[in-house]
Amino acid sequence: MLIRNETPADEAAVRTVNLAAFDTPAEAQLVDALRGATFPYVSLVADDKGQIVGHILFTPVLLPGHPRARLMGLAPMAVLPDYQRSGVGTALIAEGLRQSREAGAGAVVVLGHPDYYPRFGFVPASRHGIGCDYVAAGDAPDEAFMILELQPGHLEGLGGRVEYHAAFAAL
């Protein structure tokens with residue numbers, strides 16, 4: 001299994017993976033909307049002998065009032081059903097975090113399963129005074145919105161509610 005950067009030739013396969021992994025086409029549409037619309041942009045695929053079996057995307061999120069905050073949001077991550085629970089997601093996350101750190105991100109946020117992401121070091125973002133609209137609206141529990149500090153001390157003095165790219169509003 002090779003984890004590598006997405007190329008333009010992968011776009012249709014990435015869409016297929018997202019359509020297969022989620023109940024609606026919303027995540028596939030989100031990836032299409034974000035592609036090329038943000039910077040930095042970390043989009044990785046899991047390539048199994050030429051077949052794209054997984055995809056992960058990291059894009060910037062804003063923290064109003066804190067211009068020094070360099071935060072990335074992990075969303076979405078998709079793995080073909082036949083490849084789930086085989087380490088593909090773990091490999092995508094590990095490489096994505098590494099590339100996000102190299103791109104200058106100080107921390108990464110994720111709205112995800114609170115039993116899965118802590119293995120990578122994610123903790124509830126509320127511990128750092130950081131929230132998101134999905135939790136505030138009651139669409140997700142507090143423990144599902146998590147953060148991982150990539151640069152030591154980056155989260156000191158930060159707080160507030162992150163803002164995702166406008167394309168996320170369609171979810």
Side-chain angles (χ1 to χ4, degrees), residues 3 5-6 14 17-18 21-45 54-79 89-171:
I3 305 299
N5 291 313
E6 177 191 359
V14 166
V17 168
N18 278 280
F22 295 103
D23 295 333
T24 73
E27 283 81 2
Q29 292 165 352
L30 174 65
V31 172
D32 290 343
L34 290 170
R35 192 178 279 115
T38 65
F39 183 82
Y41 179 87
V42 177
S43 182
L44 305 173
V45 295
H55 174 255
I56 195 167
L57 183 60
F58 294 79
T59 56
V61 296
L62 299 175
L63 191 60
H66 298 283
R68 75 164 184 83
R70 296 179 320 278
L71 307 178
M72 296 283 275
L74 185 172
M77 179 177 71
V79 177
T90 296
L92 285 166
I93 291 170
E95 179 61 12
L97 292 174
R98 187 189 71 74
Q99 287 195 25
S100 293
R101 184 180 296 110
E102 284 184 2
V108 171
V109 295
V110 65
L111 182 63
H113 201 287
D115 292 332
Y116 181 74
Y117 289 96
R119 74 178 75 179
F120 302 98
F122 283 90
V123 299
S126 60
R127 290 186 189 172
H128 294 279
I130 297 174
C132 73
D133 287 343
Y134 303 106
V135 172
D139 296 331
D142 178 71
E143 64 271 10
F145 184 63
M146 295 167 272
I147 196 163
L148 171 65
E149 189 172 52
L150 298 177
Q151 307 291 338
H154 188 74
L155 297 175
E156 289 178 26
L158 298 183
R161 193 177 299 174
V162 300
E163 291 181 0
Y164 284 87
H165 186 278
F168 280 86
L171 284 182

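All of these numbers come straight from a predicted model, not from anything done at the bench.
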What is the distance from atom CG of Leu150 to atom CG of Leu97, rounded to the nearest 0.5 Å? 6.0 Å

Keeping Glu149 on the side-chain end and Leu155 on the backbone end, is there a donor-acceptor pair under 3.5 Å? yes

Within-4.5 Å side-chain heavy-atom neighbours: Phe145 and Val162: yes

Quick one: which of Leu111, Leu74, Ile147 gives a side chain to side chain contact (heavy atoms under 4.5 Å, CB included) with Tyr117? Leu74

Where Met146 and Pro118 come nearest, the two heavy atoms and their spacing: SD-CD, 4.0 Å

According to the interplanar angle, ranging from 0 to 90°, do the rings of Tyr164 and Phe168 count as parallel (below 30°), tilted (30 to 60°) or perpendicular (above 60°)? tilted

Using every non-hydrogen atom in the two residues, find where Ala107 and His154 come nearest and quote the distance to one decimal. N-CD2, 4.1 Å

Which heavy atom of His165 sits nearest to which heavy atom of Thr38, and what is that distance? CD2-CG2, 3.5 Å

For Leu158 and Arg68, what are the C-alpha separation, side-chain angles and deciding distance, and is it a side chain to side chain contact (heavy atoms under 4.5 Å, CB included)? CA-CA 9 Å; Leu158 298 183; Arg68 75 164 184 83; 3.7 Å; yes

Run the side-chain donor-acceptor check on residues 29-36: report pairs under 3.5 Å with partners two or more places apart or on a different chain.
residue : atom : partner : partner atom : Å
Asp32   : OD1  : Arg35   : NH1          : 3.0
Asp32   : OD2  : Arg15   : NH1          : 2.6
Arg35   : NE   : Glu6    : OE2          : 2.8
Arg35   : NH2  : Glu6    : OE2          : 2.8

How many angstroms lie between atom CG of Asn18 and atom OG1 of Thr24, to the nearest 0.5 angstrom? 10.0 Å

So the side chain to side chain donor-acceptor pair (under 3.5 Å) pairs with at least one residue in residues 122-148 (sequence neighbours excluded) are Ser126-Asp142, Asp133-Arg161

Interatomic distance, Arg101 atom CZ to Met72 atom CE [nearest 0.5 angstrom]: 12.5 Å

Looking only at heavy atoms, which two atoms of Pro60 and Phe39 are closest? And how far apart? CG-O, 3.3 Å

Just wondering, do Met77 and Val110 contact through their side chains at under 4.5 Å, heavy atoms? no

Under 4.5 Å between any side-chain heavy atoms of Leu57 and Tyr41, yes or no? yes

Go through Ile93 and Tyr116 one step at a time and tell me if the side chain to side chain contact (heavy atoms under 4.5 Å, CB included) criterion holds. CA-CA 11 Å; Ile93 291 170; Tyr116 181 74; 3.5 Å; yes

Value rounded to 0.5 Å, distance of OG1 in Thr90 from CZ in Arg119: 5.0 Å

Do you know which two heavy atoms are closest between Gly160 and Leu63, and how far apart they sit? C-CD1, 3.8 Å

Under the 3.5 angstrom rule, does the side chain of His66 hit a backbone N or O of Gly159 as a donor-acceptor pair? yes

Specify the closest pair of heavy atoms between Ser100 and Val108, including all atoms of both residues, with the distance to one decimal. CB-CG2, 4.2 Å

